[in-house]
Student: 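Here it is: the structure, laid out below.
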Protein chains: 2
Amino acid sequence: MSSHDTGLPQPVATIEGGFWHRYQVLVRDAVIPYQWKAMNDEIPGAPKSHSVENFRIAAGAANGTYEGMVFQDSDLAKWLEAAGNVLGWSGPEEQGELRARVDEAVDLISRAQQPDGYVNTYFTVKDPGGRWKNLREAHEMYCAGHLIEAGVSLYRGAGNRRLLEVCRRLADHLEARFGRGPGKVAGYCGHEEIELALVKLARVTGEPRYLRLAQYFVDERGRAPSYFEQESSAPGFAPIFGIKSLAYCQAHQPVREQKEAVGHSVRAVYLYSAMADLAAESGEVELTAACDRLWESITSRKMYVTGGIGASAYLESFGADFDLPNDTAYAETCAAIGLFLFASRMTRLHDDARYADVMERTLYNGIISGLGLDGMSYFYVNPLEVVPAVCDANGSYRHVKYRRQPWYGCACCPPNLARTLSSVGEHVYHRRGDTLFADLYHEGTVSLAAGRRPLRLRQTTGYPWDGTVRFQALDTSDAEITLALRIPGWSRGHEIRLNGTAVSAAAGPDGYARVRRKWTSSDALEITFPLPVERVHADPRVRADYGKVALQRGPLVYCLEEADNGGSLSRVKLPPGANVQVTQRPDLLGGVVTLKGQGVRGTSPGAGRALYESGGRADAAAPCDLLFIPYYAWANRGPGEMTVWVDE
Amino acid sequence: MSSHDTGLPQPVATIEGGFWHRYQVLVRDAVIPYQWKAMNDEIPGAPKSHSVENFRIAAGAANGTYEGMVFQDSDLAKWLEAAGNVLGWSGPEEQGELRARVDEAVDLISRAQQPDGYVNTYFTVKDPGGRWKNLREAHEMYCAGHLIEAGVSLYRGAGNRRLLEVCRRLADHLEARFGRGPGKVAGYCGHEEIELALVKLARVTGEPRYLRLAQYFVDERGRAPSYFEQESSAPGFAPIFGIKSLAYCQAHQPVREQKEAVGHSVRAVYLYSAMADLAAESGEVELTAACDRLWESITSRKMYVTGGIGASAYLESFGADFDLPNDTAYAETCAAIGLFLFASRMTRLHDDARYADVMERTLYNGIISGLGLDGMSYFYVNPLEVVPAVCDANGSYRHVKYRRQPWYGCACCPPNLARTLSSVGEHVYHRRGDTLFADLYHEGTVSLAAGRRPLRLRQTTGYPWDGTVRFQALDTSDAEITLALRIPGWSRGHEIRLNGTAVSAAAGPDGYARVRRKWTSSDALEITFPLPVERVHADPRVRADYGKVALQRGPLVYCLEEADNGGSLSRVKLPPGANVQVTQRPDLLGGVVTLKGQGVRGTSPGAGRALYESGGRADAAAPCDLLFIPYYAWANRGPGEMTVWVDE
C-alpha cells in the first residue's frame with residue numbers, strides 16, 4: 001500500500017509440532033471452549049463476564065441491563081479473533097462447536113450494530129446519550145479496534161465476511177465522525193488499539209481511508225490544546241475512572257516528540273505498534289525515529305528479564321528507568337503481549353534480529369507465564385518474586401496473585417492470550433524481497449511466493465529445549481532466495497550445515513546469518529545453537545536485581561519454586577561458578593528441561609533471636625541443591641514462593 | 001486507683017540540656033507557632049487545615065461550611081496538648097503568645113460544645129443528624145479522645161480547668177450513651193484513642209466512671225455479633241471511606257483473643273496502649289497476656305530497625321511477619337509515636353528495660369525522622385530507602401516523599417510530633433514503690449517523693465553522642481531508694497561508679513542495674529556505656545534486609561545519604577570487618593556524630609551494555625568512603641537517595 005512496504009503478503013507458518021503446537025492444541029481444545037463458557041457466565045465461582053449477555057441485550061435477544069467493565073465488549077472480540085485464528089489452522093474435525101459459537105456471537109454483534117454503524121453494548125444498552133462523549137475513558141474505539149481485529153481474523157481464517165462487513169460499517173462510522181476535516185471531531189481514544197486495527201483493516205480490504213484514519217489518530221494524539229482536557233471540561237462530562245494524567249494514555253505530547261515510554265503500559269505498546277505499522281507503510285523517518293526511541297526506552301531501561309513491562313501496579317504503568325521491582329511488579333500479561341506485537345513490527349520495520357530477540361523473550365516467558373498449563377487458569381500480573389504470606393497480609397501486594405485465577409472482572413488478559421497463542425505462526429518469518437527472515441524457531445512449514453513457484457520450507461526442531469533447527473526445502477525454487485536465520489542475542493558459537501557441509505555462519509550486523517541459493521527439494525539446512533546455562537546479570541542500575549543472577553537457557557528464563565526448593569528463597573544463593581546440571585524432565589510440568597544448581601542456603605534459626613541483633617554475621621549457610629524450572633511454568637503446583645533472581 | 005497500680009504519681013523529669021532540650025526549644029519556638037499558623041490556614045502553599053476555622057464555624061464565630069477530613073478537630077486537640085506540655089515546662093517569658101492562642105482555641109471549643117456535651121465540628125456544622133451513626137469511620141470518639149488528652153495536658157501543665165471541664169462534660173455524654181447498660185448503645189470507635197484518653201481523664205479527675213467506660217470500650221471491641229457490621233446494615237447508613245475489614249480497626253476478635261498485630265498500625269498501638277493502661281490498673285492477667293502477645297508480634301516480627309511500624313501503605317497497615325520492605329515502607333510517624341506510647345506503658349507494666357529499649361529505638365529514630373530540623377517540615381511516611389526518581393515515576397511509591405512537606409491534608413503527624421516531643425520528660429523515669437527506674441537517658445532533673453522529703457536527682461549527659469551519664473543527688477533522702485538504671489539492649493560492658501568507686505554493675509533479668517542507698521546530696525553516680533559502632537543484622541527472615549547491614553551507635557540508627565555519598569546507593573557495600581571511624585560534627589545537621597566506613601562501590605558503567613547480559617560478573621567494584629549520618633536527620637539537605645540498610 002506504499003512505496004516503502006513491499007506489498008508482498010507476509011508469510012504465515014503452520015505449527016506442526018513441538019513447543020508451540022502444544023499451546024495451539026491447548027488453545028483450541030481447552031482455552032477457547034473454557035473462555036466461551038466464561039464469557040457466558042457459566043464458570044462456577046469465577047467472576048461473571050457478562051460479555052455475551054451484554055451483546056444479547058444490545059441485540060434485543062435478551063432483557064436486562066449492561067453489567068461489567070465499560071470495555072467488556074473487547075473480551076468477546078478478542079475471543080473471536082482467537083477463534084478466527086484457530087479456524088484458520090485447524091481441520092474441520094478439530095473445530096468442534098467452534099463455528100457454531102462464532103456464528104452465534106457474530107449474529108449477536110451484527111444485531112447489536114446500530115443503523116449508523118456504531119457498535120458498543122455499554123452505550124447502546126446503558127447510556128445511549130453518552131456515546132463519544134468520553135473518548136478518554138470510555139474505551140469505545142478500543143472495543144471497536146478489537147472487533148475489527150476479530151473481523152479481520154475471521155475473514156482471513158475462516159473466510160467469514162459477516163463480521164468484517166460489520167467492522168467496515170463501524171470503521172466508516174468512525175471515519176465519518178473523527179478527523180481534522182470540517183464537521184469532524186478532532187478526538188482520539190484514551191486506550192490505543194483502534195490505530196493498529198485500522199491498519200489491519202486497510203491491509204485486508206485495500207481501503208486507504210482506514211489507513212488514513214489510523215494515521216490521523218496517531219498524528220493527532222497529544223497535540224495541544226489537549227482534546228481530552230477540552231472534553232472533560234465540557235458541560236455534563238461524566239468521568240468514569242477519573243484519571244487525569246495525560247501521560248497515562250500517552251497524550252501528553254505529540255507522538256513524534258515522545259522519548260520515554262510512560263503511562264499505562266498496554267496502551268503504550270499498542271500505540272507504538274501502530275506507529276511502527278504506519279512507519280512501515282509510509283517510510284516516514286520521524287515516526288520511525290520515535291518508534292526507535294520508545295523501543296530503546298523500554299528494552300534498555302524498563303523491561304523485566306521475562307519481557308514483562310509495566311513495573312507499577314498504580315495505573316498499570318511504566319516506572320522510572322531501571323525501576324523494576326520483582327515482588328511488586330505489575331508486568332501485565334497484556335503488556336507483554338503488546339510488547340511482542342511492537343517487537344514483531346519493529347523486526348519487520350528494520351529487518352533486525354535484535355527486535356525479534358525481544359519477541360522471543362516476551363513470548364517464551366512473560367506472555368505464557370500468564371496461562372496455566374491447564375489452559376483454564378490465568379495470571380493478569382506476572383511477578384518475578386512471590387511470597388504468599390506477604391501477598392496475603394500486605395495490601396500493597398493485592399494485585400499480585402500466587403494462585404492462577406479462573407477469570408477476572410477485568411478479563412483483558414485471558415482472551416488476549418488466546419488470540420496471541422493462536423497466531424504465533426504469523427510471527428515466525430517475515431520477508432523482504434527475496435529474503436525470508438526466520439525470526440522465531442519452531443516446527444512447521446512456511447510457503448514463500450517467489451519466482452514462478454512458491455517455495456515451501458519445513459522447519460523441524462526441539463527448540464527451545466534443544467538447539468538444533470533443521471530446514472528442509474519441500475520444493476525446488478526457480479529463483480535465488482536468501483534464508484536469513486536469526487542468531488539470538490543469547491547465542492554464542494552456532495554452526496550451520498547445508499546438506500551436511502559446514503557453511504560460513506557469521507551473523508551480519510542485523511543479527512541474521514544468511515544462506516542464499518536456488519533451493520532444491522533435497523536441500524537440508526541445519527543450524528545448531530549450543531544451549532549452555534547462562535548466568536544473566538541485570539544492568540547494575542536495576543536496584544532490585546543488584547548482586548543477583550538469573551538463569552537462562554536458550555530463550556527460557558528460569559525460576560526457583562517452593563515446590564522444589566522449600567521456602568525462604570530470599571536466603572538462597574547461587575555462587576559464581578556454581579555447577580549447574582541440565583536435565584530433561586518429560587514428566588514434569590508438561591515436559592520441561594530443569595536446571596539443578598549447587599547453591600547455598602542460609603541456615604541460622606530466626607526463632608529465638610531478636611529481630612535486630614548487633615555483631616556477628618547475618619546468616620550461616622550450608623550447601624544445597626537448587627532446582628530451577630522455566631519461569632513460564634510456575635504456579636502450576638499449588639501456592640508457594642517463587643523467585644527468578646537469586647543472590648550470588 | 002487499683003490495688004495493682006501503686007497509685008504513686010509517676011515522676012516527670014525536666015529537660016535541661018542536651019539532645020532533647022534542643023527538640024523542646026524547637027517545639028516551643030518553631031513547631032508550635034508554625035502549626036498554629038498551619039491550622040489557621042496561614043501557610044502559603046501548604047494544604048489548608050481548616051481545623052481552627054471549623055471550630056469558629058461550630059462556635060458561631062464565623063460563617064461557612066466544614067472543610068477537611070472528618071477528623072480534622074483532632075489536629076487542634078493535639079496542638080493544645082502540646083501547648084499544655086510547653087506551658088508546663090517553660091517560663092512565662094518563654095511562652096510568647098502561647099497562652100493567648102490557647103485561650104482563643106479553648107474558647108472556641110467551649111462555644112462549639114453542644115448543650116448535651118457533644119463536641120465535634122464535622123457533625124455539628126455539616127451533618128447534625130449523622131452523629132454517632134457511623135462509629136466505625138467517623139472518628140467522633142477519636143477526636144473526643146484527643147480533646148480529652150488536651151484537656152488533661154492543659155490542666156496539668158497550666159492549671160487550665162476550662163478545657164478539662166469541657167472534656168468532662170464530653171466524657172459524661174459518652175458515658176451516658178455508650179455501654180452495655182439499659183438504654184445504652186453497645187458501640188465503640190473505629191479509630192481507637194478514646195480508651196487511653198479516658199484512662200488519663202480518670203487518673204487526673206479521680207473519677208472511676210471514666211475508667212469503667214475505657215474498660216467497656218476495650219472489652220466490647222471485636223465481640224460477635226459485630227457492632228460495626230450491624231451499624232453499616234442499618235437503614236440510611238452513610239459510608240465515609242468504605243473500608244470493610246474488621247481487622248483494619250482491630251475489631252475482628254475480642255481483644256483478649258488477638259495474637260497478631262494487624263490492620264491500621266496507629267489504631268492498633270493506641271488500642272494496645274489503652275489495654276496496657278487498663279491491665280496496669282486492674283492487674284488482669286488475661287489482658288496483660290494479650291498485651292504481651294501483641295507486643296511480641298510487633299517487636300519480634302513487624303518493626304523496622306528505626307522503630308517504625310506499618311509496612312504497608314495500603315490501609316496504613318501492618319504487613320506479614322518479617323515483611324518489612326524499606327522502599328515502599330509506610331512507617332507512619334504517628335504509628336512510631338503510638339508504639340512509643342505502648343512501649344512506655346509496657347515498661348511500667350512490667351518494670352522491664354527491654355520495653356524501654358523500644359521506647360528509645362522509636363524515639364531516637366522513627367519518630368523524630370518525621371520532623372525537619374527547622375521544625376516546620378514533616379514526614380508522614382518514614383521509608384528506610386529512597387530513590388527520588390523512582391518515587392517520581394512509579395505511583396506505587398506515591399505515599400513516599402523525599403522532600404519534607406509543609407503540611408498535609410491529613411495532618412495527623414505534625415501535631416502528634418509536637419505533643420510527643422514536648423512530653424519526653426514524662427517518659428524518662430518511672431517508679432514502683434521505692435525504686436526509681438531510669439528508662440531513658442537525658443539531661444534534667446527529677447523529683448521523687450519518698451520518705452518525708454522528696455529526693456531530687458539531676459542527670460547530666462551528652463547522650464546519645466556520648467555514653468557517660470552522671471546522676472547527682474541534690475538532696476539527702478531519709479529513706480533507702482533504689483535507682484534502677486536501664487542497661488540498653490545494645491550495650492555491652494557498661495561501668496558504674498558511685499562517688500568515684502566502681503560498684504557492682506550487672507543488669508538483672510529485667511535489664512536494670514540497681515543501686516540502693518540512702519542518697520546524700522553529695523552523691524554522684526556515673527554510668528558509662530561504651531558506644532562502639534554496631535553492625536546490626538536483621539532476622540534472616542526479613543527479606544528486605546537479607547545480606548545487608550545497618551550501622552547503629554548507641555540508640556541511633558544511621559543511614560547513607562546522596563548528599564554525602566553520591567547516588568546509586570544500592571551499588572554500595574560495607575564489607576564485614578570494614579573499618580568505621582567516629583567523628584563529632586557540631587557543624588553538621590544541628591550537631592551530629594558521623595560514621596565514616598571503608599566501603600566498596602560498584603563501578604561498571606551501565607550505559608553501553610544491554611539491560612540483561614549473560615556471563616561475566618554483575619559489577620566491578622572499587623573502594624570508597626561511606627559517610628553515615630543519623631537516620632533521623634535525613635532529608636534536611638535537599639532531595640537525594642537515602643538508605644539505612646547497606647549490602648555486606
Student: Would you say B/Asn394 and A/Phe318 make side-chain contact, with heavy atoms under 4.5 Å?
Tutor: no
Student: Who among A/Val387, A/Leu324, A/Asp392, A/Val549 has the most heavy-atom pairs with chain B under 4.5 Å?
Tutor: A/Val387
Student: Can you find a heavy atom in the side chain of B/Arg543 that is under 4.5 Å from one in the side chain of A/Ser568?
Tutor: no
Student: Are the side chains of A/Ser570 and B/Arg541 in touch, meaning some heavy atoms are under 4.5 Å apart?
Tutor: no
Student: Is it the side chain or the backbone of A/Ser300 that comes within 4.5 Å of chain B heavy atoms, both, or neither?
Tutor: backbone
Student: Heavy-atom pairs under 4.5 Å with chain B - which of A/Val305, A/Val536, A/Leu315 has more of them than the others?
Tutor: A/Val305
Student: Who among B/Arg492, B/Lys302, B/Glu534, B/Glu613 has the most heavy-atom pairs with chain A under 4.5 Å?
Tutor: B/Glu613
Student: Top residue by heavy-atom pair count (under 4.5 Å) with chain A, among B/Val542, B/Asp323, B/Thr299?
Tutor: B/Asp323
Student: If I measure from the heavy atoms of chain B, does A/Glu316 come under 4.5 Å with its side chain, its backbone, both, or neither?
Tutor: neither
Student: Top residue by heavy-atom pair count (under 4.5 Å) with chain A, among B/Asp327, B/Asp647, B/Asp545, B/Thr328?
Tutor: B/Asp327
Student: Give, as side chain, backbone, both or neither, the part of B/Arg301 having an atom under 4.5 angstrom from any heavy atom of chain A.
Tutor: backbone
Student: So which atom in B/Ala320 and which in A/Ala389 form the shortest heavy-atom distance, rounded to 0.1 Å?
Tutor: CB-O, 3.5 Å
Student: In terms of heavy-atom proximity below 4.5 Å to chain A, should B/Glu260 be classed as side chain, backbone, both, or neither?
Tutor: neither
Student: For A/Asp321, is it the side chain, the backbone, both or neither that has a heavy atom under 4.5 Å from a heavy atom of chain B?
Tutor: neither
Student: Among A/Arg361, A/Met303, A/Gln552, which residue has the highest count of heavy-atom pairs closer than 4.5 Å to chain B?
Tutor: A/Met303
Student: Determine whether A/Phe322 and B/Val390 make a side-chain contact, defined as any pair of heavy atoms from C-beta on separated by less than 4.5 Å.
Tutor: no
Student: Which heavy atom of A/Ala393 sits nearest a heavy atom of B/Gly319, and at what distance?
Tutor: CB-C, 3.9 Å
Student: Would you indicate whether the side-chain heavy atoms of B/His537 and A/Tyr612 approach each other to under 4.5 Å?
Tutor: no
Student: Given heavy-atom pairs under 4.5 angstrom as the criterion, report whether the side chain, backbone, both or neither of B/Lys573 touches chain A.
Tutor: side chain
Student: Do A/Ser312 and B/Ser396 get their side chains close enough for a donor-acceptor pair, meaning under 3.5 Å?
Tutor: yes
